[in-house]
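Shown next, in structure tokens, is the structure this report addresses.
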Amino acid sequence: MSRGLATSGKNPNGHCAFVLSGGGSLGAVQVGMLRALFEKQLCPDFVVGTSVGAVNAAWIAGNEPDSLDDLAEIWLGLRRHDVFPISPLTGARGLLGRSNHFVANDNLRTLLERNLPYERLEEARLPLHVIATELKSGRATILSSGPAVLALLASCAIPGVFPPVTIGGREYVDGGVANHTPITVAIELGATRIYVLPVGYPWLNKEPTNALGMALHALARIVELKLDAEVTANRGVADIHVLPALDLADVSPADFSHTKELIDWGYKAATRYLGSANNGRGAVPERAKRTLRLNPFASRAA
């Protein structure tokens with residue numbers, strides 16, 4: 001069902017991979033990016049995803065490209081309680097140390113079960129590889145077969161927020177803990193041409209004002225630098241294209257009230273990139289200009 005990153009393999013179906021990173025509600029930008037890629041007749045032979053990127057990857061792995069509007073409709077219908085339902089009882093149990101999470105994953109499970117067109121990862125139309133982190137060892141693990149919903153819940157299990165997910169007797173948490181943007185996984189699986197769909201880190205544009213802000217800022221900077229380093233290190237191994245990352249300072253990863261703007265931004269930014277002179281050769285990550293400003297104090301109800 002799973003294998004550690006030390007185990008490599010060749011994908012028999014081709015060598016073009018889409019790699020989708022995590023980022024909560026900001027994963028909506030990937031819907032726009034996917035639309036731009038498909039319009040350019042760029043389709044993957046297999047997909048690799050982490051956290052919300054794994055959820056988007058699972059959709060395109062099980063549906064034809066012309067069904068992308070359906071994915072957009074699902075995103076547009078999401079509200080915060082659909083993914084992060086706040087329960088005073090669950091929250092209190094977490095604060096008191098009687099539970100290892102603050103938010104139940106029941107709503108997310110229902111959402112996945114309702115919209116996935118297959119039950120097992122190996123039944124997807126395209127080979128799908130979901131990244132999760134084994135809780136005990138802290139190592140990234142590739143989930144390529146087995147129950148699809150469990151794999152996605154594991155990849156999305158933000159530590160402390162969602163409960164760990166048990167698969168094959170082992171507990172797993174969010175894949176982003178060990179490998180937020182799994183470029184090396186795609187290469188190990190045989191990809192020679194890779195399109196990376198990042199979401200970006202909006203809070204990097206703000207000066208941290210508290211301990212949590214400092215932690216998020218430091219983590220995001222480490223992940224960003226790791227992505228740059230991976231692209232540079234593997235440029236001679238694969239043709240790597242990193243689509244422009246989101247750079248909006250006022251959108252929280254738990255805010256689902258700006259989905260349409262995020263989808264539109266992802267589409268326009270990716271379309272510009274794919275039509276630029278960089279298209280056709282490996283490219284380091286672009287730092288997008290802040291072309292869209294959203295006011296968090298005037299947002300619609302999530």
Side-chain angles (χ1 to χ4, degrees), residues 20-34 49-63 68 70-94 99-117 130-133 143 147-165 172-177 180 197-203 212 216 220 246 248 250-263 265-266 294 296 299-302:
L20 293 82
S21 71
S25 64
L26 303 180
V29 300
Q30 294 174 342
V31 179
M33 293 174 176
L34 289 167
T50 294
S51 198
V52 72
V55 175
N56 285 332
W59 173 269
I60 63 173
N63 295 276
L68 196 60
D70 294 333
L71 177 59
E73 285 302 314
I74 294 171
W75 268 99
L76 289 166
L78 289 179
R79 296 297 180 264
R80 183 175 298 160
H81 66 267
D82 294 322
V83 180
F84 301 107
I86 303 301
S87 166
L89 178 60
T90 304
R93 286 176 56 83
S99 173
N100 58 10
H101 61 281
F102 289 99
V103 179
N105 63 9
D106 296 344
N107 285 19
L108 180 57
R109 179 191 295 269
T110 299
L111 181 68
L112 293 170
E113 290 175 342
R114 183 188 304 135
N115 292 290
L116 272 186
V130 174
I131 307 303
T133 301
L143 301 173
V149 170
L150 276 184
L152 295 174
L153 288 175
S155 188
C156 293
I158 304 168
V161 177
F162 289 120
V165 175
Y172 294 92
V173 294
D174 196 314
V177 173
H180 191 269
L197 285 66
V199 299
Y201 307 97
W203 49 87
L212 177 60
L216 286 173
L246 186 64
L248 309 179
D250 298 330
V251 184
S252 162
D255 182 0
F256 289 85
S257 66
H258 299 295
T259 299
K260 185 179 186 304
E261 293 96 326
L262 296 176
I263 292 174
W265 189 96
L294 305 176
S299 63
R300 300 185 301 275

Subject >> Considering all heavy atoms, the nearest Ala157-Val173 contact >> reply: O-CB, 3.5 Å
Subject >> Minimum-distance pair of heavy atoms, taken over all atoms of Val52 and Gly27 >> reply: CG1-CA, 4.0 Å
Subject >> pair Leu116-Leu152: side-chain heavy atoms closer than 4.5 Å >> reply: yes
**OP:** Please answer whether the main-chain N or O of Ala151 pairs with a side-chain N or O of Ser155 as donor and acceptor at a distance below 3.5 Å.
**Re:** no
Subject >> Val55 versus Leu112, closest heavy-atom pair with distance >> reply: CG1-CD2, 4.0 Å
Subject >> Minimum side-chain heavy-atom gap Ile60-Leu34 below 4.5 Å >> reply: yes
Subject >> Non-hydrogen atoms of Phe256 and Val83 that approach each other most closely >> reply: CZ-CG2, 3.8 Å
**OP:** Please list, chain by chain and in numerical order, all residues satisfying side chain to side chain donor-acceptor pair (under 3.5 Å) with Asp174, sequence neighbours excluded.
**Re:** Ser51
Original post:
Rounded to the nearest 0.5 Å, what separation is found between the CZ atom of Phe162 and the CG atom of Asp106?
Top reply: 10.0 Å
Subject >> Gap separating the CH2 atom of Trp265 from the NZ atom of Lys260, nearest 0.5 angstrom >> reply: 15.5 Å
Subject >> Any Leu111 side-chain heavy atom under 4.5 Å of Leu78 side chain >> reply: yes
**OP:** Specify the closest pair of heavy atoms between Gln30 and Leu20, including all atoms of both residues, with the distance to one decimal.
**Re:** OE1-CD2, 3.6 Å
Subject >> Sub-4.5 Å side-chain heavy-atom contact between Trp59 and Ile74 >> reply: yes
**OP:** Mind checking the CG-CD1 spacing from Leu143 to Ile131? Nearest 0.5 Å is all I need.
**Re:** 7.5 Å
Original post:
With side chains defined as the heavy atoms from C-beta onward, is the minimum distance between Ser21 and Thr50 less than 4.5 Å?
Top reply: no
Subject >> Heavy-atom closest contact (Thr259 atom, Ala28 atom, distance) >> reply: CG2-CB, 3.9 Å
Original post:
What distance separates His258 NE2 from Ile263 CD1, expressed to the nearest 0.5 Å?
Top reply: 13.5 Å
Original post:
Between Asn56 and Gly53, is there a donor-acceptor pair closer than 3.5 Å when you use the side chain of the first and the backbone of the second?
Top reply: no
**OP:** Check side-chain contact (heavy atoms from CB on, under 4.5 Å) between Val165 and all other residues, then give those that pass, not counting sequence neighbours.
**Re:** Asn105, Leu150, Leu153, Ala154, Ile167
